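Bear in mind that the values here come from a model prediction, so they are computed numbers and not experimental data.
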Amino acid sequence: MHPMTEDQQPAGPAPGLERPDLGGEDPAPVFGRLFDAHARPLHRYLARRAGSETAHDLVAETFLVALRRRDSYRPESGTARAWLYGIATNLLRHHLRGETRALTATARLAHEHESTVAGHDSRVADQVDAQVRAARLAGALAQLAPADRDTLLLVSWAGLEPAEAAEALGVPPGTVRSRLHRVRRWLRANAPQVHNGQSTRDSYDAEEASDHE
């Protein structure tokens with residue numbers, strides 16, 4: 001299975017899909033609707049972390065694992081979205097070494113491109129500056145512990161609420177809030193250039209919101 005194109009993708013989960021009953025005799029219809037609702041955003045999230053081709057495989061594997069383990073899903077314990085992202089995160093952990101290497105390699109671009117910003121016209125300079133900010137962000141993410149990185153990116157990139165991230169990771173909501181707060185403080189102290197960059201604004205909006213819950 002591959003995620004649908006943007007013009008085919010529904011705006012959001014259909015009624016009843018937030019906490020569906022997966023215990024029916026024929027799971028195909030409900031899983032088809034879950035795929036239509038969640039495959040594309042899940043692919044977008046995974047592609048940012050592991051690349052587009054790997055993301056295609058991970059999305060397909062996520063739904064196959066979910067189908068095999070459908071008896072383990074408890075609607076009263078969490079949303080289907082959180083459950084799917086939890087499965088995807090566990091699968092993604094097999095790629096964490098590669099992810100860290102890729103982030104570190106991307107971070108080197110910050111040093112290579114910083115010197116090229118001056119002397120170009122404003123349009124080119126803006127493009128290079130955006131690349132530098134992205135590379136700095138990659139360098140900061142590479143230094144985070146895997147659990148902290150998963151927590152931050154599930155909230156800031158995948159768009160999960162802190163409570164959903166807690167469901168996905170199998171930890172208490174307070175743990176997610178604590179991790180987000182710790183990561184924000186670490187970035188402020190160790191990567192202020194990333195903290196002040198526009199490229200990380202979505203991360204900090206999510207983190208700030210979580211601190212007030």
Heavy-atom check, side chain of Thr175 versus side chain of Pro172, under 4.5 Å: yes
Side chain proximity check, Glu167 to Thr79, heavy atoms < 4.5 angstrom: yes
Step-by-step side-chain contact (heavy atoms from CB on, under 4.5 Å) determination, Leu46 to His43: CA-CA 5 Å; Leu46 292 170; His43 178 271; 5.9 Å; no
Salt bridge (Lys or Arg N to Asp or Glu O under 4.0 Å) partners of Arg81, counting only residues at least two apart: Glu164
Which atom of Leu141 lies closest to which atom of Arg149, heavy atoms considered: O-NH1, 2.9 Å
Taking every non-hydrogen atom, the tightest pair across Tyr73 and Arg19: OH-CA, 3.4 Å
Closest contact, heavy atoms only, Ala47 versus Ala55: N-CB, 3.5 Å
Heavy-atom pair with the smallest gap, counting every atom of Ala165 and Leu154: CB-CB, 4.3 Å
Beyond-backbone contact of Ser77 with Trp83, side-chain heavy atoms, under 4.5 angstrom: no
His181 side chain to Arg184 side chain, donor-acceptor N/O pair below 3.5 angstrom: yes
Taking every non-hydrogen atom, the tightest pair across Ala158 and Tyr85: CB-CE2, 3.6 Å
Gap between atom CZ of Arg40 and atom CZ of Phe35 - 0.5 Å precision: 12.0 Å
Heavy-atom check, side chain of Leu34 versus side chain of Leu22, under 4.5 Å: yes
Ser72 side, atom OG; Ile87 side, atom CD1 - distance, nearest 0.5 Å: 6.5 Å
Expected output: side-chain Ser156 to main-chain Leu152 donor-acceptor under 3.5 Å: yes
Minimum-distance pair of heavy atoms, taken over all atoms of Leu160 and Ala82: CD2-CA, 4.4 Å
Electrostatic pair Arg179:Asp150 at N-O distance under 4.0 angstrom: no
Between side-chain atoms of residues 59-71 and protein atoms elsewhere (two or more places apart, or another chain), which donor-acceptor pairs fall under 3.5 Å?
residue: Thr62; atom: OG1; partner: Leu58; partner atom: O; Å: 2.7
residue: Arg70; atom: NH1; partner: Leu67; partner atom: O; Å: 2.7

Main-chain N/O of Leu144 paired to Asp148 side chain as donor or acceptor, under 3.5 Å: no
Sub-4.5 Å side-chain heavy-atom contact between Gln143 and Trp186: yes
Interatomic distance, Arg182 atom CZ to Leu187 atom CG [nearest 0.5 angstrom]: 11.5 Å
